[in-house]
Amino acid sequence: MSTTTLDLNCDMGEGFGAYTMGNDVDLLDHVTSANIACGFHAGDPPTMRRVVTTALAKGVKVGAHPGLPDLQGFGRRVMQVSPADAYAMVVYQVGALMGFAQAAGGRLNHVKPHGALYNMAVKDRKLADALAQAVRDVDPTLVFFGLAGSEMIRAAEAAGLQAAAEVFADRSYQDDGSLSPRGTPGAMIEDAGQALAQVRQMLGGSVRALSGKTVPLRADTLCIHGDQPGALEFAQTLRTALQADGVLLRAPRPAGPRADTEGLRIE
């Protein structure tokens, strides 16, 4: 009988200047991948360095979390950007975080677009292709995180990248497999029991949309939002329950000769 494997990823490093957001240090004890803001939607160089260093010390895989240049809107406001502009933004941000990872003696493991950039690329294949190409051109061994069943996954695979299909415990789904827009009734799942039930269903290969429709999907990595209220308790509850279910919690590893050569703890 094969063992179910799942990555627990968390968006973090989202404070900047005098502002802090989320409990990054403690959350890193409960996740297997960290998606670290790169200064466009949140984060700044000292924060990037601190979170990268802490994550590597705890054996958590480090990934870049590039977003739109929108600090005031936290990268969650739609902006009209061309594929060429999006490509340049992603190369710039991934390169910046890669530098901090290498300076700390580690390696960048993956890239996960943030917020509106992510949601736009879910359905816009030209934009998704630009994001995937940017990641490939920086380092073709990086894992590309994208919404399960979306254009992001198809674009990453077409570019020859290893793609990790991402699912969400704290978000509801639409009939087409996309996330319910923030601010709409039922978009956010705040009850830990309901979230855990959704995760268990997704590990079985499907999710129930708000309409009641069953939507098939693949679950490689599960997102925990570091900025949500009670994020630490949420992460603890999910990790404990999944381990009790016999799920192996482990980050996706890049294929090829560089896999697991960083000298970090293997989960």
Side-chain angles (χ1 to χ4, degrees), residues 5-11 31-38 40-41 61-68 75 78 81-98 101 107-168 171 173-174 176-179 202-203 205 207 215-224 250-260:
T5 301
L6 183 67
D7 175 42
L8 294 184
N9 80 73
C10 187
D11 304 340
V31 299
T32 47
S33 293
N35 320 309
I36 302 172
C38 304
F40 271 38
H41 76 276
K61 300 296 185 184
V62 170
H65 197 34
L68 295 172
V78 173
V81 296
S82 68
D85 285 344
Y87 173 95
M89 291 177 191
V90 171
V91 169
Y92 184 96
Q93 293 175 79
V94 172
L97 199 79
M98 179 177 285
R107 296 289 297 269
L108 200 64
N109 185 69
H110 64 275
V111 176
K112 173 189 166 181
H114 166 81
L117 182 62
Y118 182 107
N119 290 324
M120 291 157 60
V122 162
K123 298 180 180 181
D124 186 334
R125 180 55 186 267
K126 289 183 178 180
L127 181 59
D129 283 337
L131 304 186
Q133 190 62 45
V135 173
R136 177 176 174 79
D137 288 351
V138 173
D139 183 347
T141 70
L142 293 171
V143 182
F144 188 94
F145 285 19
L147 184 68
S150 73
E151 293 294 347
M152 299 174 76
I153 297 298
R154 288 185 279 274
E157 291 174 342
L161 295 170
Q162 180 178 338
E166 184 177 41
V167 295
F168 293 77
R171 299 289 301 276
Y173 283 77
Q174 298 294 293
D176 62 357
S178 63
L179 300 177
M202 292 188 292
L203 287 173
V207 67
V215 181
L217 52 67
R218 184 180 94 225
D220 297 325
T221 182
L222 172 68
C223 176
I224 298 170
R250 185 174 66 189
R253 292 173 168 83
R258 63 155 284 194
D260 293 332

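Values reported hereafter were calculated over all heavy atoms of this structure, with side chains retained and with hydrogens, waters and symmetry mates removed. All values reported here derive from a predicted model rather than from experimental measurement.
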Intermediate values then yes/no, side-chain contact (heavy atoms from CB on, under 4.5 Å), Ser150 and Lys123: CA-CA 7 Å; Ser150 73; Lys123 298 180 180 181; over 6 Å; no
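- Atoms CG and OG1, on Leu8 and Thr32 in that order, are 5.0 Å from each other to the nearest 0.5 Å.
- Closest non-hydrogen pair, Ala134 versus Val91, comes out as CB-CG2, 3.7 Å.
- Checked against the 6.0 Å centroid criterion, the rings of Phe168 and Tyr173 do not qualify as a close aromatic pair.
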Go through the steps for Phe144 and Gln162 under the test side-chain contact (heavy atoms from CB on, under 4.5 Å), then give the verdict. CA-CA 6 Å; Phe144 188 94; Gln162 180 178 338; over 6 Å; no
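- Atom-to-atom distance recorded for Ser82:OG and Met89:CE is 7.5 Å, nearest 0.5 angstrom.
- Across all non-hydrogen atoms, the minimal contact from Val143 to Arg253 is CG2-C, 4.2 Å.
- Here the side chains of Val111 and Phe145 are not in contact, with every heavy-atom distance at 4.5 Å or above.
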For the pair Lys112 and Glu166, evaluate salt bridge (charged side-chain N to carboxylate O under 4.0 Å, His left out) and give the outcome as yes or no after the intermediate values. CA-CA 9 Å; Lys112 173 189 166 181; Glu166 184 177 41; 2.7 Å; yes
Walk me through whether Met120 and Val81 qualify under side-chain contact (heavy atoms from CB on, under 4.5 Å). CA-CA 10 Å; Met120 291 157 60; Val81 296; 4.2 Å; yes
Evaluate His110 against Asn35 for side-chain hydrogen bond (donor to acceptor under 3.5 Å, both in side chains), listing each step before the verdict. CA-CA 8 Å; His110 64 275; Asn35 320 309; 2.8 Å; yes
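- No donor-acceptor pair closer than 3.5 Å links the side chain of Arg107 to the backbone N or O of Val62.
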Going through the checks in order, is the side-chain hydrogen bond (donor to acceptor under 3.5 Å, both in side chains) test met by Gln133 and Asp137? CA-CA 6 Å; Gln133 190 62 45; Asp137 288 351; 2.8 Å; yes
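- Considering every non-hydrogen atom in both Ala159 and Arg136, the closest pair reads O-CD, 3.0 Å.
- Between Leu217 and Val167, the closest side-chain pair of non-hydrogen atoms falls below 4.5 Å.
- Contact annotation: the side chain of Cys223 approaches that of Asp11 to within less than 4.5 Å [non-hydrogen atoms, C-beta and beyond].
- At distances below 3.5 Å, not a single donor-acceptor pair connects side-chain atoms of Arg171 with backbone N or O atoms of Leu179.
- Between His41 and His114, the ring planes are parallel. Angles under 30° get that label, and only those over 60° would be called perpendicular.
- Inter-residue side-chain proximity for Leu142 and Val94 is flagged as met; some heavy-atom pair is nearer than 4.5 Å.
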Using the salt bridge (charged side-chain N to carboxylate O under 4.0 Å, His left out) rule, take Glu151 and Arg154 through it: C-alpha gap first, then chi angles, then the decisive distance, then the call. CA-CA 5 Å; Glu151 293 294 347; Arg154 288 185 279 274; 3.5 Å; yes
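- With sequence neighbours left out, the side chain to side chain donor-acceptor pair (under 3.5 Å) criterion links Ser33 to Asp7.
- Under a 3.5 Å cut-off, the side chain of Tyr118 and the backbone N or O of Leu147 do form a donor-acceptor pair.
- A donor-acceptor contact shorter than 3.5 Å is absent between the side chain of Gln93 and the backbone of Ala64.
- Of all the heavy atoms in Cys38 and Leu97, the pair that sits closest is SG-CB, 4.1 Å.
- Looking at every heavy atom in both residues, Ala121 comes nearest to Leu131 through CB-CD1, 3.6 Å.
- Here the shortest heavy-atom pairing between Leu161 and Ala132 reads CD1-O, 3.4 Å.
- Asp220 places no side-chain N or O within 3.5 Å of a backbone atom of Pro252 that could act as its donor or acceptor partner.
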